[in-house]
Amino acid sequence: MFCRFSGGDDPDDIVLVRVRCDDHPMKPNLRVLWRTLVSPLIREGVFDNFERALSALLLDYIDRQIAVYSSKNDELKTGYKQDFDSFSTSIKNKATPEQEDVWMDWESALVFLRKWQAVRAQVTQ
């Protein structure tokens, strides 16, 4: 069995999608999510169809995540007047606990920034 979503111009048209969800814990909630989140956007003319709505909403979320992690990286660059690699070199073998915390936060921000950028590249191919 496959999950069913409305996918045409008519929000009540049901089409199959390739996602297998027989044992997925959210299976009972998919129809509710469709009706409460996406269907009104189509019905009110914000989006033409399910594909455009999902694509726009997903890209918006991805772009906001990229902005969050990019901003964090920029803040740290400005605050420490150097990039992450230079900061790493400057504290190597002599970091205080506070500097280690900053280093971990900065590394995490860069890891997530790269992951979200990679996701965006894959989604927009």
Side-chain angles (χ1 to χ4, degrees):
M1 180 176 162
F2 287 86
C3 296
R4 297 184 313 156
F5 290 97
S6 178
D9 293 333
D10 180 353
D12 294 321
D13 285 346
I14 301 295
V15 295
L16 294 176
V17 294
R18 294 181 193 155
V19 178
R20 188 129 175 106
C21 63
D22 292 1
D23 301 319
H24 194 279
M26 290 204 39
K27 180 182 173 187
N29 297 326
L30 291 174
R31 179 168 283 146
V32 172
L33 286 172
W34 166 251
R35 294 222 183 268
T36 59
L37 298 178
V38 180
S39 184
L41 295 169
I42 296 168
R43 196 170 27 255
E44 296 300 324
V46 176
F47 296 106
D48 294 336
N49 57 43
F50 173 78
E51 291 81 12
R52 288 190 182 165
L54 181 60
S55 177
L57 295 171
L58 182 60
L59 282 174
D60 179 65
Y61 181 78
I62 291 168
D63 288 343
R64 284 187 283 121
Q65 294 302 308
I66 289 171
V68 164
Y69 293 111
S70 183
S71 177
K72 179 71 172 175
N73 181 47
D74 292 343
E75 285 174 22
L76 291 166
K77 271 182 167 177
T78 301
Y80 288 92
K81 297 178 178 58
Q82 56 190 331
D83 65 13
F84 176 72
D85 292 333
S86 297
F87 179 76
S88 297
T89 301
S90 72
I91 66 168
K92 189 172 184 174
N93 298 323
K94 59 182 177 183
T96 65
E98 292 80 19
Q99 289 171 321
E100 289 176 356
D101 288 345
V102 169
W103 186 91
M104 288 190 303
D105 288 345
W106 201 341
E107 182 191 39
S108 295
L110 289 174
V111 166
F112 281 110
L113 175 59
R114 286 187 210 107
K115 286 183 181 292
W116 283 113
Q117 289 168 333
V119 168
R120 190 179 204 298
Q122 292 172 45
V123 168
T124 58
Q125 282 183 353

Is Gln65 close to Phe112 at the side-chain level, that is, under 4.5 Å between some pair of heavy atoms?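 The answer is no, as the side chains (C-beta and beyond) never meet within the 4.5 Å cut-off.
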
Measuring only between side-chain heavy atoms, which start at C-beta, is Val123 closer than 4.5 Å to Leu59? yes

Smallest separation among heavy atoms of Asp48 and Ile42, with atom names: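 Reported closest heavy-atom pair: O-CG2, 3.9 Å.
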
Spell out, yes or no, whether Met104 and Leu110 are grouped together once hydrophobic residues are joined by side-chain heavy atoms under 4.5 Å, including indirect joins.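 They do share one cluster, since a chain of ILVMFWY contacts under 4.5 Å joins Met104 to Leu110.
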
Quick one: do Phe50 and Leu37 end up in the same hydrophobic cluster if we chain Ile, Leu, Val, Met, Phe, Trp and Tyr together by side-chain heavy atoms under 4.5 Å apart?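 Yes, it is one cluster - the side chains of Phe50 and Leu37 are joined through contacts under 4.5 Å.
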
Return each pair, listed once, that meets side chain to side chain donor-acceptor pair (under 3.5 Å) where at least one residue sits in residues 110-125; pairs must be two or more places apart or across chains. Asp63-Arg120

Side-chain polar contacts of residues 66-79 - donor-acceptor pairs under 3.5 angstrom, sequence neighbours left out - could you list them?
| from | atom 1 | to | atom 2 | distance (Å) |
| --- | --- | --- | --- | --- |
| Asn73 | OD1 | Trp106 | NE1 | 2.7 |
| Thr78 | OG1 | Asp74 | O | 2.9 |

Which residue pairs satisfy the salt bridge (charged side-chain N to carboxylate O under 4.0 Å, His left out) criterion with at least one member in residues 79-97, sequence neighbours excluded? none

Please write out which residues are connected to Val46 in a hydrophobic cluster, directly or through intermediates, given that two of Ile, Leu, Val, Met, Phe, Trp, Tyr count as joined at side-chain heavy-atom separations below 4.5 angstrom.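 Result for Val46 is Leu41, Phe47, Leu57.
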
Tell me, please, which residues at least two apart from Ser88 pass side chain to side chain donor-acceptor pair (under 3.5 Å).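 For Ser88, the residues satisfying side chain to side chain donor-acceptor pair (under 3.5 Å) (neighbours in sequence not counted) are Trp103.
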
Side chain to side chain donor-acceptor pair (under 3.5 Å) partners of Asp60, counting only residues at least two apart: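 Partners of Asp60 by the side chain to side chain donor-acceptor pair (under 3.5 Å) criterion, ordered by chain and then number, come out as Arg64.
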
